> 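Sharing a structure below in structure tokens format, with a few things to ask.
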Amino acid sequence: MQVHERLNDRWVTVLGIAVFITMLLTLYGVFLYAPTDRNLGHVQRIFYFHVPSAWIAFLAFGIVFVASILYLVLKEAWADRLAHASAEVGVIFCTLVLLTGPIWGRPVWGVWWTWDPSLTATLVLWLIYVAYLMLRSQMPEGPSQARLAAILGIIGALDLPIIHIAVHWWRTLHPKPVVMQTKGFGGGLEPPMLQTFLVALLTFTILYVYLTVLRYRHESDKAELASVKRRLQA
Amino acid sequence: MSKLIVLLKKDFTAELRSKDIVLTMLLFVLLVIVTFSFAFEPGSIEVGVLAPGMLWISFVFAGVLGLLRSFVNEQQNDCLLGLMLCPVDRGVVYLGKALGNIIFMLAVEAVTLPVFALLLNFDIWRFLPAIAVIFSLCTVGYAAVGTLFSAMAITMRSRELMLPLLQFPISVPLIIAAVKATGGILAGQTLAEVSGWLKLVGAFDVIFLTVSFLIFEYAIAE
């Protein structure tokens, strides 16, 4: 037990250090290394945070989906904790996507918000997983909270492709913001931009793992504390 | 199958005696339509433009009321416990409830449409067959997830708040499709022209009926 705990601690520390180093690299890349976009100017730099955040949100909700299925099959508390931790971190990054998007959109598109398919889908995604966290806060901790949360974790993920199709069809008749097309990465990016972007992607992924592990451990500690309390009362 | 009919019959008998679900929903829908009419000044704008949104907003909101009632009523006298002790698969219990909810919602919609047409002086009759297809398809999907979510919501502290919070975001594709298809029909399109939306709704119906059928046993308290 003791050894196991210490090993865990060491890994978490390593993760924390890795986040620190890669984040410094990312900041260097974003502000010093990557050139300023000729058309968009400095505001383009938000792209290095915006897109990795979106990727993490999808990754996090994907893990909620898998962990939810695992929980219903195995009935193991760790799967529920993983789903919970991942959902919380996912909502944070999804919020970041929704916040950084308008900061970029306002100077480039001229509006804070537009009902573009990607924006709409992200907003609905955010709503679903905020409801997921609300559901958890509505019930006492335990197997029934875990079961109902797992159901929403599964239904929500299954809904995503349908939402995606629906919002795309919904907006096809409307003109797409022209700049949106140049935003796609790969072809339109200078090599230093692409490198910075990839480092940012790596950084955010490690950050996601780090935060989720911390949150997961917090939940485990809470459960352990509760069981100790029960034993003392008995 | 016969078990399903027994379950359905039970819900019908209860509903015929109390008229709780359908009447609540119906009154609510009427209130929404009347409120809308005040907000938008009938006659000043094209009703056909407004109608799809107006109808679907009222059905979506009334739907969560009725869906929640269908399980809240079961909580009295421990009916839910009795239902779970029935020697049938939990999935069949779900199908019974879902089917009941679909029929109750369709009944409300069937009464609302003529009243809506009458109050807003809007000729809806020539669109009726197409509208019936769209409304039936969308109601199936809405009640499919709604029945699952109400079974979940009744165990929560503020269930009246939680059901819409769960139901609305998940139903977004359904609502978009319903409003778009209804709008298309009212603008003179044929069913074939809005068939893309109907296929999307069909996929939603099939996916969520199946998943809810399989998952329902976890949704209901043990």
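Being a predicted model, the structure only gives us computed values, none of them experimental.
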> Among A/Val130, A/Ile154, A/Leu72, A/Val124, which residue forms the greatest number of heavy-atom pairs with chain B at distances under 4.5 Å?
A/Leu72
> Once rounded to the nearest 0.5 Å, what's the spacing between atom CD1 of A/Ile162 and atom CD1 of B/Ile176?
12.0 Å
> Which heavy-atom pair separates A/Ile163 from B/Pro169 by the least distance, and what is that distance?
CD1-O, 4.3 Å
> Identify the heavy atoms of A/Leu148 and B/Met156 that sit nearest to each other, and give their distance.
CD1-CE, 3.9 Å
> Go through the structure and list residues passing side chain to side chain donor-acceptor pair (under 3.5 Å) with A/Gln145, not counting sequence neighbours.
A/Arg136
> Keeping B/Arg157 on the side-chain end and A/Ser137 on the backbone end, is there a donor-acceptor pair under 3.5 Å?
yes
> Please classify the contact between B/Phe168 and chain A as side chain, backbone, both or neither, with a heavy-atom cut-off of under 4.5 Å.
neither
> Between A/Gln138 and B/Met162 (side chain of the first, backbone of the second, donor and acceptor by atom type, cut-off under 3.5 Å), is there such a pair?
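Between the backbone of B/Met162 and the side chain of A/Gln138 there is no qualifying donor-acceptor contact (under 3.5 Å).
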> What part of B/Leu174 is in contact with chain A, defined as an atom under 4.5 angstrom from a non-hydrogen atom: side chain, backbone, both or neither?
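Neither the backbone nor the side chain of B/Leu174 comes within 4.5 Å of chain A.
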> Taking the side chain as C-beta and beyond, is there a heavy-atom pair between B/Leu166 and A/Met134 under 4.5 Å?
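Heavy-atom side-chain distance check fails, nothing below 4.5 Å.
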> Could you tell me which non-hydrogen atom of B/Ile170 sits nearest to which non-hydrogen atom of A/Asp159, and how far apart they are?
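B/Ile170 and A/Asp159 have their closest heavy atoms at O-OD2, 2.6 Å.
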> Who in residues 198-208 of chain B is close to chain A, using a strict under-4.5 Å heavy-atom cut-off?
B/Leu200, B/Phe204, B/Ile207, B/Phe208
